[in-house]
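Take a look at the structure set out below.
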There are 2 protein chains.
Amino acid sequence: MTNFSIKKFEKNHIPDVLNLIKELAEYEKAPREVTNTTEKMLEDGFGETPIFGGYITEIEGKIIGMAIYYYRYSTWKGRVLYLEDLYIMPEYRRLGIGEAFFEELINHAKNTNCARITWQVLDWNTPAVKFYEKLGAKIDKGWWNGSIDL
Amino acid sequence: MTNFSIKKFEKNHIPDVLNLIKELAEYEKAPREVTNTTEKMLEDGFGETPIFGGYITEIEGKIIGMAIYYYRYSTWKGRVLYLEDLYIMPEYRRLGIGEAFFEELINHAKNTNCARITWQVLDWNTPAVKFYEKLGAKIDKGWWNGSIDL
């Protein structure tokens, strides 16, 4: 058994977290989309009104996974916790870390009056879809994402 | 030509706005999903830290359309304006109201340092998809929505 511990984001985790964000973007075939920086993340996550929060997992002092959330507003449901990124380095999967992240996220969502936790998954990411289905999640395939870059 | 005016949400618009939210949910075949109330919307939109904002359109004193936004956080891009709902009553379409809403939203997004404006559209809602494509939007069909209700 591998021992892991889950901790809330601290400022000193952010450089490692940004590296994991980049690893995940590479897996999602969009590495050049990441224009975020450590400085911006420190301001956005630890400034006067933090706009995101999250958790890291450490194994033997090394950060090997992260979950980043922020709040969304649903005109149907009210306040919702949105899971922006969930990533565990490939060599540390199937150890229960993903499930442990979800346990924390669900508790946190309940404690902050959220009616729902939501996220997006790429249609070809079968291992992730299976993981979410095992958790009892609903996967809705009927929506497309629109965007305009400014 | 029909004259319309676009205004920012005020408290007294909210009961009409909630009716439009319900009309849109019916069009989206999910009328029972709306559990929001006028009281909750007044608190969420006009309380100490408003979590959404928006615009209405009036024609001859009647509210016939609305656009609701809030901010999201992208770990790739930073701050993003999210268009939660855009709705114009069927009999007032093709008058340029949708384009006018988008003009306001894009200006507002730029003025609040957003790198992008995003939204979701149902895969069978062809008139909406065509409207967004005409605006020059990117429509990404590769993501599914995951959720767990709490």
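Lettering of chains follows the sequences in order, A, B, ..., and the numbering in each one begins at 1.
The closest side-chain heavy-atom distance from B:Ile21 to B:Ile68 is below 4.5 Å.
Counting heavy-atom pairs closer than 4.5 Å to chain B, the top residue among A:Asp85, A:Ile106, A:Ile148 is A:Ile148. Chosen from B:Tyr70, B:Tyr73, B:Tyr82, B:Phe52, the residue pairing most often with chain A at heavy-atom distances under 4.5 Å is B:Tyr73. Each of A:Trp119, A:Trp144, A:Trp76 has some count of heavy-atom pairs under 4.5 Å with chain B, and the biggest count is that of A:Trp144. If you tally non-hydrogen atom pairs under 4.5 Å between each of A:Asp44, A:Thr118, A:Asn145, A:Val17 and chain B, the highest count goes to A:Asn145. When each of B:Gly78, B:Ser74, B:Gly146, B:Cys114 is scored by its heavy-atom pairs under 4.5 Å with chain A, the top score falls to B:Gly146.
For chain B, the nearby part of A:Phe102 is the side chain; its heavy atoms alone come within less than 4.5 Å. Heavy-atom distances place both the backbone and the side chain of A:Gln120 under 4.5 Å from chain B. The part of A:Ala115 that comes within reach of chain B is its backbone (N, CA, C, O), which places non-hydrogen atoms under 4.5 angstrom from that chain. Both the backbone and the side chain of A:Asp149 have a heavy atom closer than 4.5 Å to some heavy atom of chain B. With a threshold of 4.5 angstrom between heavy atoms, A:Glu43 does not approach chain B through any atom at all.
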Solution key, residues 129-142 of chain B side-chain donor-acceptor pairs under 3.5 Å, sequence neighbours excluded:
unit_1   : atom_1 : unit_2   : atom_2 : d
B:Asp140 : OD1    : B:Gly142 : N      : 3.0
B:Asp140 : OD2    : B:Trp143 : NE1    : 3.4

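B:Arg79 forms a cation-pi arrangement with B:Tyr71, by the criterion of a distance under 6.0 Å to the ring centre and an angle within 45° of the ring axis.
A single hydrophobic cluster is seen to contain both B:Ile14 and B:Met89, as judged by linkage of ILVMFWY side chains at heavy-atom distances under 4.5 Å, directly or through other members. Side-chain heavy atoms closer than 4.5 Å link hydrophobic residues (I, L, V, M, F, W, Y) into clusters, and following such links, even through other members, never connects B:Val80 to A:Leu18.
Ring pair A:Tyr27/A:Trp124: centre-to-centre distance below 6.0 Å.
Checked by atom type and distance alone, the side chain of A:Glu104 never pairs as donor or acceptor with a backbone atom of A:Ile6 at under 3.5 Å. In this structure a side-chain-to-backbone donor-acceptor pair under 3.5 Å is missing from A:Asn125 to A:Val121.
A:Tyr87 and A:Glu23 form a side-chain donor-acceptor contact under 3.5 Å, judged by distance and modelled atom types alone.
Remark: A:Glu99 CD is packed, more than 12 non-hydrogen atoms of other residues, nucleotides or ligands lying under 6.0 Å away. Under a cut-off of 6.0 angstrom, the local environment of CD in B:Glu60 is sparse, with at most 12 non-hydrogen atoms contributed by other residues, nucleotides or ligands.
Contacts of residues 31-41 of chain B with chain A at a heavy-atom distance below 4.5 Å involve B:Glu33, B:Val34, B:Thr35, B:Asn36, B:Lys40, B:Met41, listed in sequence order.
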